[in-house]
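Each chain gets a letter, A, B and so on, in the order its sequence line appears, and its residues count up from 1. These numbers come from the heavy atoms of this one structure, side chains and all, not from hydrogens, waters or symmetry mates.
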Protein chains: 2
Amino acid sequence: MLHQSDQLDLIYQALADAGRRAMLDQLSRGPATVSKLAEPLDMTLSAVVQHLKILEASGLVRSEKLGRVRTCRADPKVLAMAERWINQRRLMWERKLDKLGDLLASQPDDDDSGKDVKS
Amino acid sequence: MLHQSDQLDLIYQALADAGRRAMLDQLSRGPATVSKLAEPLDMTLSAVVQHLKILEASGLVRSEKLGRVRTCRADPKVLAMAERWINQRRLMWERKLDKLGDLLASQPDDDDSGKDVKS
DNA sequence: TGATTGGTGAAGCATTTGCTTAACTATCAA
DNA sequence: TTGATAGTTAAGCAAATGCTTCACCAATCA
């Protein structure tokens with residue numbers, strides 16, 4: 001059983017490579033075979049398979065083999081998980097910034113040195 | 001000037017570590033000094049500073065030094081950028097899945113083997 | 001002043017990543 | 001059965017990561 005934090009490690013690690021993001025991008029437009037996935041990328045099939053393993057380990061992509069062809073597709077649920085983590089933090093600290101803004105706005109013009117809102 | 005793709009590399013790379021996410025988490029609850037940031041983490045101050053550099057290089061965190069104290073705060077705009085990339089892909093392929101669902105639903109029970117919807 | 005606090009920077013080191021080439025297996029088609 | 005196609009796996013290697021320790025600087029405090 002994978003801890004949520006470990007899976008987030010794997011997901012963001014998977015996203016941290018332009019080649020893998022390109023693969024996800026292609027998969028977001030529909031399923032693809034390994035060689036189709038490799039086609040636009042300037043690397044060997046072998047390298048692509050290794051990237052694919054990383055994407056699968058993170059859960060972002062699943063695949064199944066039929067005959068000699070492996071077809072890959074992306075899993076939106078796992079991507080949603082990565083999105084949620086970011087979204088929660090972002091909202092939390094945007095709310096914080098707003099409150100700070102309100103506070104400063106309610107304060108009449110005052111020397112607020114040492115308390116810079118945003119540089 | 002940083003290409004968008006390069007910055008995404010840096011952002012996701014920065015997010016791909018539980019320690020750095022913990023730091024962001026703390027920063028989402030408000031600014032903090034380097035040592036405050038280090039306190040709950042089981043590693044040397046030196047290591048924390050190195051993580052901080054990674055977070056700053058990605059743009060997720062900015063900091064300024066006053067006297068001998070460095071105060072760090074997170075930047076929601078950069079996080080929004082990471083969120084947007086994910087969100088766009090996710091929506092794209094959820095739409096795709098929905099359309100596929102509709103198609104299958106409209107199709108009376110039929111053997112559609114060998115007839116992939118879009119290759 | 002001299003000691004303490006808060007942070008910085010450079011080695012150094014083990015592990016991981018991202019790629020390559022090359023050998024191999026399994027399926028399909030003739 | 002022979003050959004092409006699709007993919008897999010292992011070995012090897014350079015570079016990047018994630019830590020540590022140690023030496024150091026600069027602001028404050030007694």
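- Of the side-chain N and O atoms in Arg20(B), one or more sit less than 4.0 angstrom from OP1 or OP2 of dG18(D).
- Taking atom CD1 of residue Ile54(A) and atom C1' of nucleotide dA16(D), one finds them 14 Å apart after rounding to whole Å.
- Looking at which nucleotide of DNA chain D each of Lys36(A) and Gln13(A) is closest to, the 5′-most match is held by Lys36(A).
- Among dC19(C), dG7(D), dT17(D), the nucleotide with an atom closest to any side-chain atom of Met43(A) is dC19(C).
- One finds no side-chain N or O of Ser35(A) lying less than 4.0 angstrom from the OP1 or OP2 phosphate oxygen of dA6(D).
- If you check dT20(D), dA27(D), dA4(D) against the side chain of Ala47(B), the one that comes closest is dT20(D).
- In this model, the phosphate group of dT20(C) is not approached by any side-chain N or O of Ser46(A) to a distance below 4.0 Å at OP1 or OP2.
- Comparing Gly67(A) and Thr44(A) by the nucleotide of DNA chain C whose heavy atom lies nearest to each, the residue mapping closer to the 5' end is Thr44(A).
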Please determine whether side-chain hydrogen bond (donor to acceptor under 3.5 Å, both in side chains) holds for the pair Gln13(A) and Ser58(A), giving the CA-CA distance in whole Å, both sets of side-chain angles, and the decisive distance to 0.1 Å. CA-CA 9 Å; Gln13(A) 183 59 41; Ser58(A) 75; over 6 Å; no
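- For dT17(C), the OP1/OP2 oxygens have no side-chain nitrogen or oxygen of His51(A) closer than 4.0 Å.
- A sub-4.0 Å separation between OP1 or OP2 of dG9(C) and a side-chain N or O of Lys53(B) is present.
- One atom, CZ of Arg70(A), and another, C1' of dT5(D), lie 16 Å apart when rounded to the nearest Å.
- We find that CG of Asp6(B) is positioned 16 Å from C1' of dA16(D), with the value rounded to whole Å.
- Aromatic ring orientation, Trp85(A) versus Tyr12(A): perpendicular (interplanar angle above 60°, classes split at 30° and 60°).
- Separating the CG atom of Asp42(A) from the P atom of dT20(C) is a distance of 8 Å, rounded to the nearest angstrom.
- Closest to the Lys65(B) side chain, of the nucleotides dG6(C), dT8(C), dT8(D), is dT8(C).
- In this structure the side chain of Arg89(A) reaches within 4.5 angstrom of the side chain of Asp25(B), judged on heavy atoms.
- In this structure, Leu55(A) places its CG atom 11 Å from P of dG18(C), rounding to the nearest Å.
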Is there a side chain to side chain contact (heavy atoms under 4.5 Å, CB included) between Asn87(B) and Asn87(A) once you walk through the steps? CA-CA 10 Å; Asn87(B) 185 258; Asn87(A) 185 257; over 6 Å; no
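- Using a 4.5 Å heavy-atom cutoff, the side chains of Thr71(B) and Leu66(B) are not in contact.
- Rounded to whole angstrom, the span from the CG atom of Leu45(B) across to the P atom of dC24(D) amounts to 18 Å.
- Under 3.5 Å, the side chain of Gln50(A) and the base of dT9(D) form no donor-acceptor pair of N or O atoms.
- Phosphate proximity of dT4(C) to Arg68(B): absent, as no side-chain N or O sits under 4.0 Å from OP1 or OP2.
- Between Glu56(A) atom CD and dT8(D) atom C1' there is a gap of 13 Å when expressed in whole angstrom units.
- Distance CE (Met23(B)) to P (dC19(D)): 11 Å, rounded to an integer number of Å.
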